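For reference, the structure discussed in these notes is given below.
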Amino acid sequence: MGVMRGVRFIALAAGTLGGLYGAAYGLLTGQARRAERIIGPPVAPPWLADGVYLPDGSGPVPPSDEDDALRFAMFGDSMAAGLGVDSADQLPSVVLARGLAEEADRPVRLDTYAVVGAATKDLSAQVEQALVTPPHVAVIIVGANDVTTLTTVPDAVAGLERVIRTLQDAGCGVVVGTCPDLGVIRPIAQPLKSIARVWSLLLARGQRKAVARLGAIPVPLADLLAPEFLARPREFFSSDQFHPSAVGYDAACSVLLPALCTVAGVWTGGPLPRLPFRSPLAEARRPTAKFIARLNLRFGKPVRQLAQ
(Lines give C-alpha, C1' and ligand atoms only; values in the text may rest on other atoms or scores of the structure.)
Protein backbone atom coordinates (compact mmCIF):
# COMPACT_ATOMS: atom_id res chain seq x y z
CA MET A 1 0.00 0.00 0.00
CA GLY A 2 1.33 3.44 -0.90
CA VAL A 3 2.16 5.71 1.98
CA MET A 4 0.03 8.56 0.71
CA ARG A 5 -2.92 6.25 0.18
CA GLY A 6 -2.41 5.50 3.85
CA VAL A 7 -2.56 9.20 4.65
CA ARG A 8 -6.06 9.19 3.17
CA PHE A 9 -6.90 6.44 5.66
CA ILE A 10 -5.65 8.68 8.48
CA ALA A 11 -8.04 11.36 7.29
CA LEU A 12 -10.88 8.82 7.17
CA ALA A 13 -10.09 7.58 10.68
CA ALA A 14 -9.89 11.10 12.05
CA GLY A 15 -13.28 11.84 10.59
CA THR A 16 -14.79 8.65 11.99
CA LEU A 17 -13.22 8.61 15.46
CA GLY A 18 -13.48 12.33 15.99
CA GLY A 19 -17.05 12.63 14.73
CA LEU A 20 -16.00 15.08 12.02
CA TYR A 21 -18.51 15.48 9.24
CA GLY A 22 -19.24 17.86 6.41
CA ALA A 23 -16.73 20.63 5.95
CA ALA A 24 -14.22 19.29 8.50
CA TYR A 25 -14.16 15.82 6.97
CA GLY A 26 -13.89 17.30 3.49
CA LEU A 27 -10.94 19.41 4.63
CA LEU A 28 -9.00 16.36 5.88
CA THR A 29 -9.64 14.22 2.81
CA GLY A 30 -8.85 17.17 0.53
CA GLN A 31 -5.52 17.68 2.31
CA ALA A 32 -4.69 13.99 1.88
CA ARG A 33 -5.45 14.10 -1.85
CA ARG A 34 -3.38 17.26 -2.29
CA ALA A 35 -0.40 15.70 -0.49
CA GLU A 36 -0.69 12.60 -2.65
CA ARG A 37 -0.61 14.68 -5.84
CA ILE A 38 2.49 16.57 -4.68
CA ILE A 39 4.43 13.48 -3.59
CA GLY A 40 3.32 11.10 -6.32
CA PRO A 41 4.32 7.42 -6.65
CA PRO A 42 7.98 6.28 -6.39
CA VAL A 43 9.66 6.79 -9.76
CA ALA A 44 12.07 3.87 -9.33
CA PRO A 45 12.82 1.09 -6.84
CA PRO A 46 15.60 1.74 -4.32
CA TRP A 47 19.19 0.87 -5.12
CA LEU A 48 20.61 -2.42 -3.85
CA ALA A 49 24.31 -2.74 -3.01
CA ASP A 50 24.64 -5.85 -0.89
CA GLY A 51 28.01 -7.53 -0.53
CA VAL A 52 31.14 -7.32 1.58
CA TYR A 53 32.54 -3.93 2.64
CA LEU A 54 36.17 -3.67 3.72
CA PRO A 55 37.72 -1.56 6.49
CA ASP A 56 39.51 0.64 3.91
CA GLY A 57 36.12 1.81 2.62
CA SER A 58 36.11 -0.29 -0.52
CA GLY A 59 33.32 -2.57 -1.61
CA PRO A 60 31.00 -4.11 -2.19
CA VAL A 61 32.83 -7.24 -3.21
CA PRO A 62 31.03 -10.55 -3.64
CA PRO A 63 30.80 -12.60 -0.43
CA SER A 64 32.52 -15.96 -0.25
CA ASP A 65 32.45 -18.91 2.12
CA GLU A 66 35.95 -17.98 3.32
CA ASP A 67 35.00 -14.46 4.41
CA ASP A 68 35.39 -13.83 8.14
CA ALA A 69 32.94 -10.99 7.79
CA LEU A 70 30.65 -9.48 10.38
CA ARG A 71 27.17 -10.15 9.02
CA PHE A 72 24.91 -7.08 9.09
CA ALA A 73 21.24 -7.20 8.06
CA MET A 74 18.91 -4.29 7.31
CA PHE A 75 15.18 -4.78 7.91
CA GLY A 76 12.15 -2.56 7.59
CA ASP A 77 10.43 -0.22 5.17
CA SER A 78 11.35 2.30 2.46
CA MET A 79 13.55 4.29 4.84
CA ALA A 80 15.53 1.16 5.68
CA ALA A 81 15.71 0.38 1.96
CA GLY A 82 17.00 3.89 1.22
CA LEU A 83 14.30 5.05 -1.18
CA GLY A 84 15.11 8.60 -2.28
CA VAL A 85 18.89 8.55 -2.71
CA ASP A 86 20.61 9.17 -6.04
CA SER A 87 23.25 6.43 -5.93
CA ALA A 88 24.01 3.15 -4.18
CA ASP A 89 26.84 4.73 -2.19
CA GLN A 90 24.27 6.95 -0.46
CA LEU A 91 22.12 4.09 0.82
CA PRO A 92 21.86 4.15 4.62
CA SER A 93 22.67 0.44 4.74
CA VAL A 94 25.89 1.05 2.78
CA VAL A 95 26.87 4.05 4.93
CA LEU A 96 26.32 1.95 8.06
CA ALA A 97 28.17 -1.07 6.65
CA ARG A 98 31.20 1.02 5.75
CA GLY A 99 31.18 2.75 9.14
CA LEU A 100 30.87 -0.56 10.95
CA ALA A 101 33.70 -2.10 8.92
CA GLU A 102 35.98 0.83 9.73
CA GLU A 103 35.13 0.77 13.44
CA ALA A 104 35.46 -3.03 13.70
CA ASP A 105 38.55 -3.15 11.45
CA ARG A 106 36.90 -6.17 9.89
CA PRO A 107 34.97 -6.89 6.68
CA VAL A 108 31.21 -6.44 6.96
CA ARG A 109 28.76 -8.41 4.87
CA LEU A 110 25.61 -6.40 4.14
CA ASP A 111 22.31 -8.14 3.41
CA THR A 112 19.26 -5.95 2.84
CA TYR A 113 15.79 -7.40 3.44
CA ALA A 114 13.88 -4.12 3.79
CA VAL A 115 10.93 -3.66 1.43
CA VAL A 116 9.26 -0.44 0.31
CA GLY A 117 5.81 -0.25 1.87
CA ALA A 118 6.55 -2.75 4.63
CA ALA A 119 4.90 -2.45 8.04
CA THR A 120 5.73 -4.28 11.26
CA LYS A 121 3.57 -7.25 10.27
CA ASP A 122 5.91 -7.80 7.29
CA LEU A 123 9.08 -8.04 9.39
CA SER A 124 8.60 -11.71 10.26
CA ALA A 125 8.96 -12.74 6.62
CA GLN A 126 12.09 -10.58 6.25
CA VAL A 127 13.66 -12.08 9.37
CA GLU A 128 12.74 -15.62 8.39
CA GLN A 129 14.61 -15.12 5.12
CA ALA A 130 17.65 -13.73 6.93
CA LEU A 131 17.86 -16.59 9.44
CA VAL A 132 19.02 -18.98 6.73
CA THR A 133 22.41 -17.44 7.55
CA PRO A 134 21.77 -15.55 10.79
CA PRO A 135 23.24 -12.04 10.98
CA HIS A 136 25.47 -10.94 13.83
CA VAL A 137 23.85 -7.49 14.00
CA ALA A 138 20.74 -5.91 12.56
CA VAL A 139 19.08 -2.53 12.13
CA ILE A 140 15.30 -2.28 11.90
CA ILE A 141 13.58 0.91 10.74
CA VAL A 142 9.80 0.61 10.74
CA GLY A 143 6.64 2.39 11.79
CA ALA A 144 5.53 4.90 9.17
CA ASN A 145 3.40 2.36 7.31
CA ASP A 146 1.88 1.13 10.56
CA VAL A 147 0.59 4.68 11.06
CA THR A 148 -0.73 5.03 7.53
CA THR A 149 -2.44 1.61 7.61
CA LEU A 150 -3.99 2.35 11.01
CA THR A 151 -2.25 -0.51 12.82
CA THR A 152 -2.83 -0.04 16.54
CA VAL A 153 0.18 0.86 18.66
CA PRO A 154 -0.15 -2.30 20.84
CA ASP A 155 -0.31 -4.55 17.76
CA ALA A 156 2.66 -2.86 16.10
CA VAL A 157 4.74 -2.96 19.28
CA ALA A 158 3.89 -6.63 19.93
CA GLY A 159 4.93 -7.53 16.38
CA LEU A 160 8.21 -5.69 16.80
CA GLU A 161 8.88 -7.47 20.09
CA ARG A 162 8.39 -10.85 18.41
CA VAL A 163 10.94 -10.22 15.66
CA ILE A 164 13.47 -8.77 18.10
CA ARG A 165 13.21 -11.89 20.27
CA THR A 166 13.60 -14.09 17.20
CA LEU A 167 16.77 -12.27 16.17
CA GLN A 168 18.16 -12.28 19.72
CA ASP A 169 17.50 -16.02 20.04
CA ALA A 170 19.67 -16.44 16.92
CA GLY A 171 22.49 -14.49 18.61
CA CYS A 172 21.90 -11.22 16.76
CA GLY A 173 22.34 -7.78 18.32
CA VAL A 174 19.48 -5.47 17.38
CA VAL A 175 19.15 -1.71 16.86
CA VAL A 176 15.74 -0.20 16.10
CA GLY A 177 15.22 3.18 14.49
CA THR A 178 11.78 4.07 15.83
CA CYS A 179 8.94 5.58 13.82
CA PRO A 180 9.83 8.94 12.25
CA ASP A 181 7.75 12.06 12.88
CA LEU A 182 5.27 12.22 9.99
CA GLY A 183 4.44 15.74 11.05
CA VAL A 184 7.62 17.08 9.43
CA ILE A 185 6.39 16.21 5.93
CA ARG A 186 5.62 19.54 4.29
CA PRO A 187 3.01 18.45 1.68
CA ILE A 188 0.75 17.28 4.53
CA ALA A 189 -1.17 20.35 5.71
CA GLN A 190 -2.80 21.14 9.04
CA PRO A 191 -4.82 19.76 10.74
CA LEU A 192 -3.98 16.41 9.09
CA LYS A 193 -0.28 17.06 9.83
CA SER A 194 -0.95 17.19 13.58
CA ILE A 195 -2.97 13.98 13.47
CA ALA A 196 -0.18 12.14 11.63
CA ARG A 197 2.39 13.59 14.01
CA VAL A 198 0.57 12.51 17.18
CA TRP A 199 0.01 8.97 15.91
CA SER A 200 3.61 8.54 14.76
CA LEU A 201 5.04 9.83 18.05
CA LEU A 202 2.75 7.57 20.09
CA LEU A 203 4.04 4.59 18.12
CA ALA A 204 7.65 5.73 18.45
CA ARG A 205 7.26 6.04 22.22
CA GLY A 206 5.79 2.54 22.47
CA GLN A 207 8.56 1.12 20.27
CA ARG A 208 11.29 2.80 22.32
CA LYS A 209 10.03 1.38 25.60
CA ALA A 210 9.60 -2.13 24.21
CA VAL A 211 13.00 -2.21 22.49
CA ALA A 212 14.82 -1.04 25.63
CA ARG A 213 12.91 -3.54 27.75
CA LEU A 214 14.20 -6.39 25.56
CA GLY A 215 17.82 -5.25 25.83
CA ALA A 216 18.08 -4.01 22.23
CA ILE A 217 18.98 -0.38 21.49
CA PRO A 218 16.25 2.05 20.40
CA VAL A 219 17.25 5.12 18.41
CA PRO A 220 14.42 7.72 18.49
CA LEU A 221 14.62 9.03 14.94
CA ALA A 222 11.72 11.45 15.39
CA ASP A 223 13.29 13.07 18.44
CA LEU A 224 16.80 13.26 17.00
CA LEU A 225 16.08 14.18 13.38
CA ALA A 226 12.88 16.25 13.41
CA PRO A 227 14.69 19.53 14.21
CA GLU A 228 16.94 19.26 11.16
CA PHE A 229 14.14 18.13 8.84
CA LEU A 230 12.00 21.04 10.03
CA ALA A 231 14.80 23.60 9.74
CA ARG A 232 16.34 22.41 6.44
CA PRO A 233 13.63 20.62 4.43
CA ARG A 234 15.13 21.40 1.01
CA GLU A 235 18.34 19.61 1.96
CA PHE A 236 16.95 16.79 4.06
CA PHE A 237 14.09 15.62 1.84
CA SER A 238 14.43 14.00 -1.57
CA SER A 239 12.62 15.31 -4.63
CA ASP A 240 9.38 13.57 -3.64
CA GLN A 241 9.27 15.71 -0.45
CA PHE A 242 8.44 12.59 1.55
CA HIS A 243 11.49 10.33 1.75
CA PRO A 244 14.86 11.58 3.02
CA SER A 245 17.58 12.73 0.67
CA ALA A 246 21.17 11.52 0.96
CA VAL A 247 21.72 14.33 3.49
CA GLY A 248 18.73 13.18 5.51
CA TYR A 249 19.90 9.56 5.48
CA ASP A 250 23.39 10.64 6.53
CA ALA A 251 21.85 12.35 9.54
CA ALA A 252 19.99 9.15 10.42
CA CYS A 253 23.16 7.08 10.02
CA SER A 254 25.07 9.42 12.32
CA VAL A 255 22.77 8.48 15.20
CA LEU A 256 22.33 4.82 14.23
CA LEU A 257 26.01 3.94 13.75
CA PRO A 258 27.17 4.29 17.39
CA ALA A 259 24.30 2.04 18.49
CA LEU A 260 25.10 -0.48 15.74
CA CYS A 261 28.77 -0.58 16.71
CA THR A 262 27.74 -0.99 20.35
CA VAL A 263 25.63 -4.11 19.73
CA ALA A 264 28.50 -5.42 17.58
CA GLY A 265 30.86 -4.93 20.54
CA VAL A 266 33.23 -2.68 18.63
CA TRP A 267 32.25 0.85 19.70
CA THR A 268 35.27 2.80 20.97
CA GLY A 269 33.69 6.23 21.17
CA GLY A 270 32.82 6.05 24.85
CA PRO A 271 29.39 5.66 26.47
CA LEU A 272 26.42 6.31 24.23
CA PRO A 273 24.82 9.68 24.98
CA ARG A 274 21.50 9.78 26.80
CA LEU A 275 19.02 10.15 23.97
CA PRO A 276 16.15 12.65 24.21
CA PHE A 277 12.55 11.49 24.32
CA ARG A 278 11.31 14.50 22.40
CA SER A 279 13.22 17.26 20.63
CA PRO A 280 12.76 20.86 21.88
CA LEU A 281 12.62 22.24 18.35
CA ALA A 282 9.96 19.74 17.27
CA GLU A 283 7.90 20.74 20.29
CA ALA A 284 8.41 24.42 19.49
CA ARG A 285 6.98 23.86 15.99
CA ARG A 286 3.68 22.51 17.35
CA PRO A 287 0.74 24.83 16.62
CA THR A 288 -0.11 25.06 20.33
CA ALA A 289 3.47 26.02 21.18
CA LYS A 290 3.46 28.71 18.51
CA PHE A 291 0.18 30.09 19.84
CA ILE A 292 1.54 30.22 23.40
CA ALA A 293 4.73 31.88 22.15
CA ARG A 294 2.69 34.60 20.43
CA LEU A 295 0.74 35.22 23.62
CA ASN A 296 3.96 35.38 25.64
CA LEU A 297 5.44 37.82 23.17
CA ARG A 298 2.35 39.98 23.24
CA PHE A 299 2.37 40.20 27.03
CA GLY A 300 6.11 40.65 27.31
CA LYS A 301 7.00 37.21 28.69
CA PRO A 302 10.27 35.55 27.65
CA VAL A 303 10.21 32.87 24.95
CA ARG A 304 13.80 31.68 25.26
CA GLN A 305 12.70 28.02 25.19
CA LEU A 306 11.71 28.38 21.53
CA ALA A 307 15.22 29.29 20.48
CA GLN A 308 16.66 25.84 21.27
Side-chain angles (χ1 to χ4, degrees), residues 44-118 122-142 163-164 166-168 170-177 216-217 219 221 238 243-268:
W47 296 87
L48 185 64
D50 288 356
V52 175
Y53 290 83
L54 304 178
D56 64 3
S58 61
V61 298
S64 68
D65 295 336
E66 293 75 28
D67 286 330
D68 182 29
L70 187 64
R71 294 190 298 276
F72 162 44
M74 195 78 166
F75 301 105
D77 54 23
S78 58
M79 188 171 179
L83 188 63
V85 302
D86 297 321
S87 69
D89 283 343
Q90 299 171 339
L91 289 169
S93 56
V94 170
V95 174
L96 290 172
R98 286 193 167 127
L100 180 58
E102 180 180 359
E103 190 71 26
D105 194 24
R106 177 181 173 187
V108 169
R109 173 174 173 171
L110 168 64
D111 292 296
T112 303
Y113 300 96
V115 176
V116 173
D122 303 306
L123 291 178
S124 294
Q126 297 179 19
V127 170
E128 182 179 357
Q129 184 181 359
L131 290 182
V132 174
T133 306
H136 296 114
V137 293
V139 170
I140 302 171
I141 303 176
V142 75
V163 299
I164 291 174
T166 299
L167 287 167
Q168 290 175 329
C172 178
V174 181
V175 173
V176 177
I217 300 182
V219 178
L221 297 180
S238 64
H243 295 94
S245 65
V247 174
Y249 281 119
D250 272 344
C253 289
S254 71
V255 296
L256 288 166
L257 182 59
L260 178 60
C261 292
T262 297
V263 297
V266 299
W267 177 242
T268 59

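What you see is a predicted model, and the numbers here were worked out from it, not measured in a lab.
- Taking both residues in full, the closest heavy atoms of G82 and P46 are given as C-CB, 4.3 Å, listed atom of the first, atom of the second, then distance.
- The shortest non-hydrogen separation linking A69 to H136 is O-CE1, 3.7 Å.
- When all heavy atoms are compared, the tightest approach of P92 to M79 is CG-O, 3.7 Å.
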Under the criterion side-chain contact (heavy atoms from CB on, under 4.5 Å), I'd like the reasoning laid out for E103 against L257: C-alpha separation, chi angles, the key distance, then a yes or no. CA-CA 10 Å; E103 190 71 26; L257 182 59; over 6 Å; no
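- Taken to the nearest 0.5 Å, the CD atom of Q90 stands 8.0 Å off from the CG atom of D250.
- With a 6.0 Å radius and a threshold of 12 heavy atoms from other residues, nucleotides or ligands, E102 has its CD atom at or below the threshold.
- The nearest pair of heavy atoms linking C253 to P258 is O-CD, 4.5 Å.
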Full working for side-chain contact (heavy atoms from CB on, under 4.5 Å) between D122 and V115: CA-CA 9 Å; D122 303 306; V115 176; over 6 Å; no
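- Side-chain atoms of S245 come within 3.5 Å of backbone atoms of V247 as a donor-acceptor pair (strictly under, hydrogens ignored).
- Counting only heavy atoms from C-beta outward, the side chains of F75 and V127 approach each other to under 4.5 Å.
- Closest non-hydrogen pair, L110 versus A49, comes out as CD2-O, 3.9 Å.
- Proximity of V263 to V174: side-chain heavy atoms (C-beta onward) are nowhere separated by under 4.5 Å.
- With values rounded to the nearest 0.5 angstrom, L221 atom CG is found 6.0 Å from I141 atom CD1.
- In plain terms, the two heavy atoms of C261 and L100 that are nearest each other are SG-CD1, 3.9 Å.
- Side-chain contact between L131 and T166 is present, with at least one heavy-atom pair separated by less than 4.5 Å.
- Checked by atom type, the side-chain pair D89/S87 shows no donor-acceptor distance below 3.5 Å.
- For CG of D56, the number of neighbouring non-hydrogen atoms (other residues, nucleotides, ligands) closer than 6.0 Å is greater than 12.
- The closest side-chain heavy-atom distance from P107 to D68 is not below 4.5 Å.
- The CG atom of L123 lies 8.5 Å from the CG atom of D77; values are rounded to the nearest 0.5 Å.
- In this structure, P135 and D111 have side chains that are not in contact, with every pair of non-hydrogen atoms separated by 4.5 Å or more.
- V175 places none of its side-chain heavy atoms less than 4.5 Å from the side chain of V137.
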I would like to know whether S58 and L54 meet side-chain contact (heavy atoms from CB on, under 4.5 Å); could you show each step before the answer? CA-CA 5 Å; S58 61; L54 304 178; 3.4 Å; yes
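- Looking only at side-chain heavy atoms (C-beta outward), V139 and F72 come within less than 4.5 Å of each other.
- Annotation: side chain of T112 is not in contact with side chain of L91 (no heavy-atom distance under 4.5 Å).
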Before giving the answer on side-chain contact (heavy atoms from CB on, under 4.5 Å), spell out for V95 and Y249 the whole-Å C-alpha distance, their side-chain angles and the decisive distance to 0.1 Å. CA-CA 9 Å; V95 174; Y249 281 119; over 6 Å; no
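- A donor-acceptor contact shorter than 3.5 Å links the side chain of R98 to the backbone of G59.
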